Amino acid sequence: MSKAPTTAANPSAAPHAADSHDLIRVHGARENNLKDISIEIPKRRLTVFTGVSGSGKSSLVFNTIAAESQRMINETYSAFLQGFMPTPARPDVDVLDGLTTVITVDQQRMGADPRSTVGTATDANAMLRILFSRLGKPYIGSSAAFSFNVASVQASGAFKVDRGADKTRAVKRTFTRTGGMCTRCEGRGTVSDIDLGQLYDDSKSLAEGAFTIPGWKSDSIWTVRVYAESGFLDPHKPIRKFTKREMQDFLYREPTKVKVEGVNLTYEGLIPKIQKSFLSKDKEAMQPHIRAFVERAVTFTTCPECDGTRLSEAARSSKIKGISIADACAMEIRDLAEWVRGLDDPSVAPLLTALRQTLDSFVEIGLGYLALDRPAGSLSGGEAQRVKMVRHLGSALTDVTYVFDEPTVGLHPHDIQRMNNLLLRLRDKGNTVLVVEHKPETIAIADHVVDLGPGAGTAGGTVCFEGTVEGLRTGGTVTGRHFDDRAALKETVREPTGTLEIRGASANNLRDVDVDIPLGVLTVVTGVAGSGKSSLVHGSLVKGPAAADEGVVAIDQSPIRGSRRSNPATYTGLLDPIRKAFAKANGVKPALFSANSEGACPNCNGAGVIYTDLAMMAGIATPCEECEGKRFEASVLEYRLGGRDISEVLAMPVTEAAEFFGAGEARTPAAYKILERLADVGLGYLTLGQPLTTLSGGERQRLKLATHMGEKGGVYFLDEPTTGLHLADVEQLLGLLDRLVESGKSVIVVEHHQAVMAHADWIIDLGPGAGHDGGRIVFEGTPADLVATRPTLTGEHLAEYVGG
């Protein structure tokens, strides 16, 4: 007799076996600082992971759950295909059960390639190109004719086809491709002009060291010797006395093979050499002194041929209802969405429907103020994350696990509710949503909360609480205790010592703004995302004429770049005084105490591990047997300072190292100052030698803050310093900002966090909306005045916050 099926009419029937897989089970997770933790996460629910920065949230969600899901999906492909794919290592975990396909939406900024825009990073630009190729008048070609990344090509020639014995014949072929790239700027929208005076001193000869390019000053450098000994130039003649022919060879000669002391080398003109060496690289990835040289020597101006649109004249000539594709990409997306809604052509109906959905998703997610031609590298971390969300909003996929890394970053309190609704919408479609978050407004909507801690680094990595939001409030954890914290308005505010004038600011959407920023106080610049905050402060102050006069130190959200060999000691410059102290105490060279120099273990070259590439399988990293992971040669470890060798010092947490270098035999004032700053920004738990690749986003930003605090500037500009900060850490940040002001600095903060607004001496609010609805000063005054009058959205939310 057959078993009755499980139905609503037959509730007593046994549940189907497939319905029992409603949990993601994690057992024995030990990735990074996780301490053998085991948890069960409900599927098709919204789970928020909380805890102080460095407690292990990202290690659990991204490095364990998401990484294993991606690895297992990769394994479903053939070995041949896997050889072309990333090969993530298997996370250090005993059991991971119940995983589904994971879609990760993180805060990684989009590439800074000048040819990448908001439109090319999403499907919007591709759909627009097809639309113009079908409806644009006059017709100029396929969709490639509207792409600024495709150059026009014409080629013809003959090739031989072998058809067997004595049957070879020549076949002629002609190839033509029409692209939309502007030929002058090659699709970049800007052209560069090199200041020759920054490359060399024309009163000197090459033999006298005429080059002023970083790293080119010594005649022992092969690059320099090629110019001096190529035979094209007189190395003993001052550059200003070069003949016309010599100057042409010096600056523009095509690559030519030459022999220098019997060695075959390539000679190339200075201008193309500089373009390849410096201009083809990401400026943000350069060392500070190289970046400073590029900023001095190279000026970028709008391309006069395409007027910055990146497109050829033909691509701009084809129009739909009087609008070219360049005009469409320059519109704010919400305006473009309205324009597309006005198009009605049955021949492209499916395309118009898809394009409308994509553009409406931008508006819905709060990015309607962007334009499709906005460079992707100029987006903030929060904006980049929301752009990545666009392609998932209209997806018909269900039973997918979405993983978000602080989706409220860069959002005004007014916009957080909209983001919450989107997260709930993804959940209600039958998806599992995992969110790493600090904002109480988002934690409050969770179905399930996992709180990690209790501390950071080695003091974290355990599950302190699992359950509902109400349970978290009464659970006694650090997050629970601070969940309902509210910063109070100051009773008295500081008096400014002067003002910094900004006049006629018109960058991006600013509308000829005049504002006086008070000096000697804590000033907070607020406003909804896209209202013009960063344009005002960064464009007019950090890059304005006042930057040099006032000594502006800018601490923005640009990512810290570093390999697995980089660590807090190398990044902050702390390792230099430590090496010198070891060298002085032992009477040897400082280079011995660098794992990237003479002191490196010869077996692993100072990496501490041996990497084995296994082709399509994940590579294996095994501790070096010679140095046992200490990274240094055995003879170097015999030298001691205060009873510790260099590997033991690099294994110390910041707080312990501060005690070690603060007094006694190892006393090193230069090292102690840097360690004190690291402790001030809440990084006392980090070890000095911890690889930068293991740090969370919040930790990296605070590491940058600690580094810049040592600079001698009068005005500090911070861009959303609460990013990645736990509720309990915000109080420490406010104390740090106060100390900066009390030491005579002027602090200007672009921030959305109400606690920072409430703590300010002066608030400048931009708006009232985003994009062309913003760009104006809507309030200037004290936080108390803003709360009392509530003239703006910021005022309403701040009043609700301090009243709560």
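Note that the structure is predicted; figures quoted are calculated from it, not measured. These values consider heavy atoms only, across backbone and side chains, with no hydrogens, waters or symmetry-generated copies.
- Of the charged side-chain nitrogens involved, none lies within less than 4.0 Å of a carboxylate oxygen, so that Asp512 and Arg503 do not count as a salt-bridged pair.
- Of all heavy-atom pairs spanning Ala784 and Leu489, the tightest one is CA-CD1, 4.0 Å.
- The side-chain contact (heavy atoms from CB on, under 4.5 Å) search around Thr462 returns Lys35, Pro454, Cys464, not counting sequence neighbours.
- Using a 30° and 60° split on the angle between ring planes, Tyr402 and Phe404 fall in the parallel class, below 30°.
- A donor-acceptor pair is defined here as one N or O able to donate and one able to accept, closer than 3.5 Å; such a pair exists between the side chain of Thr789 and the backbone of Asp785.
- A distance-only check finds a donor-acceptor pair linking the side chain of Thr117 to the backbone of Leu372 [under 3.5 Å].
- Residue Thr477 is tested with Leu472, Val449, Leu452 for a side chain to side chain contact (heavy atoms under 4.5 Å, CB included); the sole match is Leu472.
- Looking at Asp360 and Arg334, no side-chain N of the basic residue comes within less than 4.0 Å of a carboxylate O on the acidic one, giving no salt bridge.
- With hydrogens and angles ignored, the 3.5 Å screen pairs no side-chain donor or acceptor of Glu720 with any backbone N or O of Thr722.
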TODO: Tell me, with the steps shown, if Val681 and Leu736 meet side-chain contact (heavy atoms from CB on, under 4.5 Å).
DONE: CA-CA 7 Å; Val681 297; Leu736 175 64; 3.5 Å; yes
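- Side chain of Ser55 to backbone of Gly453: no donor-acceptor contact under 3.5 angstrom is found.
- For Arg473, the salt bridge (charged side-chain N to carboxylate O under 4.0 Å, His left out) partners are Glu470, Asp484, not counting sequence neighbours.
- Across all their heavy atoms, Pro791 and Phe779 have their closest contact at CG-CD1, 3.9 Å.
- Residues Leu718 and Ile748 fail the side-chain proximity criterion, which asks for heavy atoms closer than 4.5 Å.
- Thr122 places a side-chain N or O within donor-acceptor distance of the main-chain N or O of Val118, the cut-off being under 3.5 Å.
- Under the rule for a salt bridge (charged side-chain N to carboxylate O under 4.0 Å, His left out), the partners of Arg494 that lie at least two apart in sequence or sit in another chain are Asp738, Glu742, Asp761.
- Defined by atom type and a distance below 3.5 Å, a donor-acceptor pair is missing between the side-chain atoms of His448 and Thr468.
- Applying the side-chain contact (heavy atoms from CB on, under 4.5 Å) criterion to Arg44, with sequence neighbours excluded, gives Asp22, Asp399.
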Open item on the list: Does Thr792 form a side chain to side chain donor-acceptor pair (under 3.5 Å) with Asp765? I'd like the steps, not just the answer.
Closed with: CA-CA 8 Å; Thr792 64; Asp765 196 20; 2.7 Å; yes
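- Arg481 places a side-chain N or O within 3.5 Å of a backbone atom of Gly476 that can act as its donor or acceptor partner.
- Side-chain atoms of Asn125 and Thr120 include no donor-acceptor pair closer than 3.5 Å.
- Lys533 contributes a side-chain N or O that, together with a main-chain N or O of Val528, makes up a donor-acceptor pair within less than 3.5 Å.
- Between Thr50 and the options Val478, Val435, Val436, Ile443, a side chain to side chain contact (heavy atoms under 4.5 Å, CB included) holds for only Ile443.
- Using a distance-only test at 3.5 Å, with no hydrogens or angles considered, a donor-acceptor pair links the side chain of Asn509 to the main chain of Gly771.
- A donor-acceptor contact closer than 3.5 angstrom is absent between the side chains of Glu406 and Thr723.
- Heavy atoms of other residues, nucleotides or ligands lying less than 6.0 angstrom from CD of Glu731 number 12 at most.
- Although no hydrogens or angles enter the test, the distance criterion places a donor-acceptor pair under 3.5 Å between the side chain of Asp447 and the main chain of Leu46.
- By the side-chain hydrogen bond (donor to acceptor under 3.5 Å, both in side chains) test, His726 pairs with Thr479, sequence neighbours left out.
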List the atom pairs, donor and acceptor, that lie under 3.5 Å between side-chain atoms in residues 417-424 and the rest of the protein, sequence neighbours left out.
residue: Gln417; atom: NE2; partner: Asn421; partner atom: OD1; Å: 3.1
residue: Asn420; atom: OD1; partner: Thr442; partner atom: OG1; Å: 3.0
residue: Asn420; atom: ND2; partner: Glu441; partner atom: O; Å: 3.3
residue: Asn421; atom: ND2; partner: Gln417; partner atom: O; Å: 3.4

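- Minimum heavy-atom separation, Gly530 to Tyr369: CA-CE1, 3.4 Å.
- Taking every heavy atom of both residues into account, Ala446 and Val469 meet most closely at O-CG2, 3.7 Å.
- Under a 3.5 Å cut-off, the side chain of Asn431 and the backbone N or O of Leu426 do form a donor-acceptor pair.
- If you check the side chains of Arg702 and Ser53, you find a donor sitting under 3.5 Å from an acceptor.
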